[in-house]
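Below: the structure, in C-alpha cells.
In this text the structure is predicted, and so the values were computed from the model without any measurement. So you know, we letter chains A, B, ... as the sequences are listed, proteins then strands, and number each from 1.
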Number of protein chains: 2
Amino acid sequence: MARTRQRTPNEVALIGRHTQQRSVVLAAFIRADGFVGAQALHSQLAADGTPVGLSTVYRTLTRLADAGRADLVRDPGGERLFRYRPGPDHRHYLICTECGLNRPVDSGPIEDWADGIAQDSGFAHVRHTVELSGVCPDCGRAPATAERR
Amino acid sequence: MARTRQRTPNEVALIGRHTQQRSVVLAAFIRADGFVGAQALHSQLAADGTPVGLSTVYRTLTRLADAGRADLVRDPGGERLFRYRPGPDHRHYLICTECGLNRPVDSGPIEDWADGIAQDSGFAHVRHTVELSGVCPDCGRAPATAERR
DNA sequence: CGCTAGGTGCAAATGATTTTCACATCAATG
DNA sequence: CATTGATGTGAAAATCATTTGCACCTAGCG
C-alpha cells in the first residue's frame, strides 16, 4: 500500500514526447500487471476519472510494443492483449480461460528449443510466440457461469 | 500424380450435412497443405472455377476447427489462418515472414514441457499455441521487396 | 513569450469475421 | 418418385477491434 506510483514513469521518454495522457496510460498499464486489452485499459482509465481517448490508448500501447516494452498476444476472440515488460527478456504465461488469471511459467526449455530450431533451420530472426491456456484450479472447481465458447 | 482426390473427403461427415460446397472447400483446404486464410481459400476457389460464398468458407473452416480437424493461428495482421490436421495430434511450424514458406518442426520437447507445466500448475485442459517465425534462407539471401511490416 | 513538431480526440474508415434472412438442397419418409 | 422439415447457402448488412483523417492542443526549445 505504499506509494501509488502516480509519478510519471520515465518509460514515457522512450516513446516520444511526455504528455499527461501518456503518463496516465502508462501508469495504468504498468499497474495492470498482466495482460490487458486496449479497450479494457481505456475503460479502466475512464473509471479512474482520468479519461483518455481510445485512439490514444491504442497509440500508446502500440508504441510501447514497437519499442519493445510490451509483449503482445491474441485473445481467442482476436483481441490484442498487451503486457508490460520491464526488462529486455520476455516470459511466457499460462492464462486461465475462465477468469483471466495468469501466471508466468518457466520458459527456459522453450527458449533453448527455439534457439535450437533457429540453428538447424537456417532461418534468420527467428521469433516465437507461446501461449498456454487452461482452466485454473478455482474455476475448475466452481464452473462459474460455465459459458463455453 | 495419381487421383486428384476430387472425391468428397469423408471429413465432410464430421461437420454436418454433405453438400457440394463443403466438399469443394474441404478438398481445397486439404490440398492447400499449410496455413490458409478463409479469404485466400475463397479466392482460390473462385479461381478454380468452383466459387463458394465467403460466409460458407468461414463456416466450414470454423466448424472444422471446432471439430478438431484444423489448427488455428493468427497472422501478425490479425487474420486467422487455418491448417488441416489429419490426425489427432498437432504440430508446430516455422513460418517465413517474407514468403510464407512453412515447415514443421520437432515439437516433442514442447509437448513435454507443456505437459509438465500443466501438471505443476494444477490447471486443467491446458492447451498451447506455439508459433515460430523467421526469415528463411532464400529470403534472407535475396531480400525481395524488403517490405517490413 | 512565441513557434512548431508532435499529440490528442472524435468521428469516420478499414478489414476481418459474423449474422441475418430469403431461398435452395439434403435426406429421410410416405 | 413426390413431400417436407431441417440444414445449408449466399449476398448484404451488422459487428468489433483497430486505424486513420483532421482540426485543435501543447510540450519543450529558442
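- Rounded to an integer number of Å, the gap from E79(B) CD to dT14(C) P is 18 Å.
- Not one side-chain nitrogen or oxygen of Y58(B) sits closer than 4.0 Å to the OP1 or OP2 atom of dT18(C).
- Positionally, the nearest nucleotide of DNA chain C for T60(A) lies more toward the 5' end than for the other of L81(B) and T60(A).
- Across the protein-nucleic acid pair, L61(A) atom CG and dT19(D) atom P stand 10 Å apart, rounded to whole Å.
- A donor-acceptor contact shorter than 3.5 Å links the side chain of R22(A) to the backbone of R17(A).
- When rounded to the nearest whole Å, the span between CZ of R59(A) and P of dG21(D) equals 11 Å.
- One interatomic measurement links the two molecules: CZ of R80(A) to C1' of dA16(C), which rounds to 12 Å at whole-angstrom precision.
- Following rounding to the nearest Å, H42(B) (NE2) and dA16(C) (P) show an atom-to-atom distance of 13 Å.
- Closest approach of I15(B) and A67(B) over heavy atoms only: CG2-CB, 4.2 Å.
- For dG15(C), neither phosphate oxygen OP1 nor OP2 lies less than 4.0 angstrom from any side-chain nitrogen or oxygen of Q39(B).
- We find that CG of L72(B) is positioned 13 Å from C1' of dA16(C), with the value rounded to whole Å.
- Nearest heavy atom pair, residue D71(A) against residue R83(A), reads OD2-NH2, 2.6 Å.
- Within 4.0 Å (heavy atoms only), R63(B) reaches sugar-phosphate atoms of the nucleic acid but no base atom.
- Of the residues near DNA chain D, L54(B) and S55(A), the one whose nearest nucleotide (by heavy atom distance) lies more toward the 5' end is L54(B).
- Close to dG7(C), at under 4.0 Å from its OP1 or OP2, lies no side-chain N or O of Q21(A).
- Distance R22(A) CZ to dG9(C) P: 11 Å, rounded to the nearest Å.
- Applying the side chain to side chain donor-acceptor pair (under 3.5 Å) rule to Q44(A) yields the partners D48(A); only residues at least two apart in sequence or on another chain are considered.
- Between the side chain of W113(A) and the backbone N or O of S107(B) there is no donor-acceptor pair closer than 3.5 Å.
- Ring geometry, H128(A) versus H92(A): the interplanar angle falls from 30° to 60°, so the pair is classed tilted.
- Residue T56(A) has its side chain nearest to dT8(C) when only dA17(D), dT8(C), dA16(C) are considered.
- Whole-Å rounding puts the I15(B) CD1 to dA6(D) P distance at 21 Å.
- Screening Y93(B), F29(B), F82(B) against F35(B) for a ring pair (Phe, Tyr, Trp, His ring centres under 6.0 Å) leaves a single residue, Y93(B).
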Under 3.5 Å, which protein N or O atoms sit close to an N or O of nucleotides 25-30 of chain D? Give each pair with its distance.
from    : atom 1 : to     : atom 2 : distance (Å)
dA27(D) : O3'    : H18(A) : O      : 3.4

